[in-house]
Amino acid sequence: MQAAEPDFTTSSATFEPVPAISGSLVRYTVVVSNTGGDSSYTRITIALPPGYLIATSDDCAAATPSGGRLLWYEGRFAAGARQECRVTLLPRPDAAGTIATLATEIATPPSGYFRLEARPTLVAPPNPDTVYLGPLGITPAGVATLGLLTLAAVGAAALAMKTRPDRAGMRLSIGAWIAIVTSIGFLVYFASLARNDLRSHTEFQETSCVIVDSSIRAFKSSGKNSGSTYAPEFAVRYDARGVETYSVASPPATSVSVGWIGSSQQALERLAVGSTQPCWFDPNDVKIVLLDRGPGGAYFFALLPLLVLALGSWMLAGALRSRSSSRPGT
């Protein structure tokens, strides 16, 4: 009589919380059950989604990840046996909208194979500063953008009326006005960065961070033949007002990413995994944590919108003076 084949079809993979939030812990539970016959050899691996592995527990507590995969069982799997693995992962804060699939592969050579997945779609954390107009939510950045667009449109319409019918003067004045509003938008952005840098020194609360994991993020530069820039990133554990908190710490927003990976490697060596480092978290949002505080070199780029603002203002003033002097009786 032929022995029954192993059967893993009742195995399951789940996750919590629902919905899963980018930048916050996601806990996966994988239960592997054999409701068929004995398996002389079974190999169970987990393919981890992008992010930082915080912990494994239960039957896979001793498993060590390698190349984004976790081998947590290998050997005989008897009929009626059950294995359970819990994986805690910290997705990156900018991963909202992606699917953080944790895939479990159960292989029983030579031909047996079963795959099960937990597939949370990551959502963005709620923004307490969001302004709601009915069902539509607008962030402060969106409000500022709408304000600048309105200012640009109203100003362009007013200049068109003022300089009509001088088409050349109209084009010059409207172009100068658009340059002015655009430069103001960039300067408002740099002002918000400066405000955040100031808050990191005056309002953020100091604590100690344990470096749980780290990586180097590569960002593709714009342009057909452009290379990549690199920045270090750290998964950290810290106490925020008596609550154990996990988050991803990146360099300050005003730091400048460079095309040389060596500086990021040096940062990973300086802030080694397992070490404890001073850090600072935002009392208004404890998930925002810094290992280094600004200011950074990004303020150098604020010189460009300042120059554009000065040039646009000069061009607009010249166009309006020319229009005024060309009127009859002047």
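Not measured: the values here are computed from a predicted model.
A donor-acceptor pair under 3.5 Å is absent between the side-chain atoms of D58 and the main chain of E84, judged by distance alone. S22 places no side-chain N or O within donor-acceptor distance of the main-chain N or O of A95, the cut-off being under 3.5 Å. A donor-acceptor pair under 3.5 Å links the side-chain atoms of T207 to the main chain of D239, judged by distance alone. Checked by atom type and distance alone, the side chain of T56 pairs as donor or acceptor with a backbone atom of C60 at under 3.5 Å. With W280 contributing its side chain and H201 its backbone, the two residues share no donor-acceptor pair below 3.5 Å. A donor-acceptor pair is defined here as one N or O able to donate and one able to accept, closer than 3.5 Å; such a pair exists between the side chain of N34 and the backbone of G37. Between the side chain of S192 and the main chain of Y189, a donor-acceptor pair closer than 3.5 Å is present.
Looking at F114 and L116, their side chains come closer than 4.5 Å, going by heavy atoms from C-beta outward. Between I288 and F204, the closest side-chain pair of non-hydrogen atoms falls below 4.5 Å. No side-chain heavy atom of L271 sits less than 4.5 Å from a side-chain heavy atom of S214. Between Y238 and V289, some side-chain heavy-atom pair lies under the 4.5 Å cut-off. Counting only heavy atoms from C-beta outward, the side chains of V30 and I46 approach each other to under 4.5 Å. Two residues are said to be in side-chain contact when any heavy atoms from C-beta on lie closer than 4.5 Å; L89 and P49 meet this criterion. Annotation: side chain of V236 is not in contact with side chain of V212 (no heavy-atom distance under 4.5 Å). Inter-residue side-chain proximity for L309 and L187 is flagged as met; some heavy-atom pair is nearer than 4.5 Å.
Neither side chain, S200 nor R195, offers a donor N or O lying under 3.5 Å from an acceptor on the other. Using a 3.5 Å distance cut-off with no hydrogens or angles, the side chains of Q277 and S275 do pair a donor with an acceptor. Side-chain atoms of S40 and R76 include no donor-acceptor pair closer than 3.5 Å. Residues R69 and T45 have side chains that bring a donor and an acceptor to within less than 3.5 angstrom of each other.
Between Y299 and F190, the ring-plane angle classifies as tilted under the 30° and 60° cut-offs.
Nearest heavy-atom pair, T254 versus G294, reported as atom, atom and distance to 0.1 Å: OG1-CA, 4.2 Å. The minimum heavy-atom distance linking P283 with R199 is given by the pair CD-NH2, 4.4 Å. Across V26 and P91, no two heavy atoms sit closer than the pair CG2-CG, 3.8 Å. Of all non-hydrogen atoms in R115 and A103, the two that sit nearest each other are NH2-CB, 3.3 Å. Residues A253 and L193 share a closest heavy-atom pair of CB-CD2, 3.8 Å. Nearest heavy atoms, A118 versus Y28: CB-CD2, 3.8 Å.
One finds the OG1 atom of T101 at 10.0 Å from the CZ atom of F15 (value rounded to the nearest 0.5 Å). Rounding to the nearest 0.5 angstrom, the gap separating the CH2 atom in W177 from the OG atom in S313 is 9.0 Å. Atom CD1 in I44 sits 4.5 Å away from atom CH2 in W72 (nearest 0.5 Å). Summarising the geometry, atom CZ belonging to F281 is positioned 11.5 Å from atom OG belonging to S247; distances are rounded to the nearest 0.5 Å. Interatomic distance, I261 CD1 to Q266 CD, rounded to the nearest 0.5 Å: 11.5 Å. Remark: L90 CG to L53 CG distance equals 10.5 Å, nearest 0.5 Å.
The cluster map of Ile, Leu, Val, Met, Phe, Trp and Tyr, joined by side-chain heavy atoms under 4.5 Å apart, puts L159 and V181 in the same cluster. Following chains of ILVMFWY side-chain contacts shorter than 4.5 Å, one cannot reach V31 starting from Y73, and the two form parts of different hydrophobic clusters. No chain of hydrophobic side-chain contacts below 4.5 Å, direct or via other Ile, Leu, Val, Met, Phe, Trp or Tyr residues, connects L148 to L304. In this structure, I184 is not a member of the same hydrophobic cluster as V308, with clusters built from ILVMFWY side-chain heavy atoms closer than 4.5 Å. A single hydrophobic cluster is not seen to contain both L25 and L122; linkage of ILVMFWY side chains at heavy-atom distances under 4.5 Å, directly or through other members, places them apart.
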Self-check item: Test log, rule salt bridge (charged side-chain N to carboxylate O under 4.0 Å, His left out), inputs R217 and D94
Solution: CA-CA 12 Å; R217 297 288 303 275; D94 59 358; 3.2 Å; yes
Practice problem: Apply salt bridge (charged side-chain N to carboxylate O under 4.0 Å, His left out) to R293 and D197, showing your working. | Solution: CA-CA 7 Å; R293 295 182 287 182; D197 276 341; over 6 Å; no
Exercise. Please lay out, stage by stage, how S208 and R237 fare under the test side-chain contact (heavy atoms from CB on, under 4.5 Å).
Key: CA-CA 8 Å; S208 295; R237 181 181 72 248; over 6 Å; no
Practice problem: Please test F77 against V32 for side-chain contact (heavy atoms from CB on, under 4.5 Å), starting from the C-alpha separation and ending with a verdict. | Solution: CA-CA 10 Å; F77 208 109; V32 177; 4.0 Å; yes
Practice problem: Decide yes or no on salt bridge (charged side-chain N to carboxylate O under 4.0 Å, His left out) for R43 and E105, but give the supporting numbers first. | Solution: CA-CA 8 Å; R43 190 172 191 266; E105 299 174 344; over 6 Å; no
Quiz item: Taking it one step at a time, do R82 and S11 satisfy side chain to side chain donor-acceptor pair (under 3.5 Å)?
Solution: CA-CA 9 Å; R82 180 179 183 274; S11 301; over 6 Å; no
Exercise. Give the C-alpha distance, both sets of side-chain angles, the deciding distance and a yes or no for side chain to side chain donor-acceptor pair (under 3.5 Å) between T29 and R86.
Key: CA-CA 5 Å; T29 301; R86 296 182 187 272; 3.0 Å; yes
Quiz prompt | I180/L316 under side-chain contact (heavy atoms from CB on, under 4.5 Å): CA gap, chis, key distance, verdict | solution = CA-CA 9 Å; I180 290 171; L316 179 60; 3.9 Å; yes
Self-check item: Test log, rule side-chain contact (heavy atoms from CB on, under 4.5 Å), inputs E117 and L102
Solution: CA-CA 6 Å; E117 298 179 347; L102 183 136; over 6 Å; no
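When the shell of 6.0 Å around OH of Y113 is examined, it contains more than 12 heavy atoms from other residues, nucleotides or ligands. Remark: Y41 OH is packed, more than 12 non-hydrogen atoms of other residues, nucleotides or ligands lying under 6.0 Å away.
Ring centroid separation for the pair Y52 and Y246 does not come in under the 6.0 Å cut-off.
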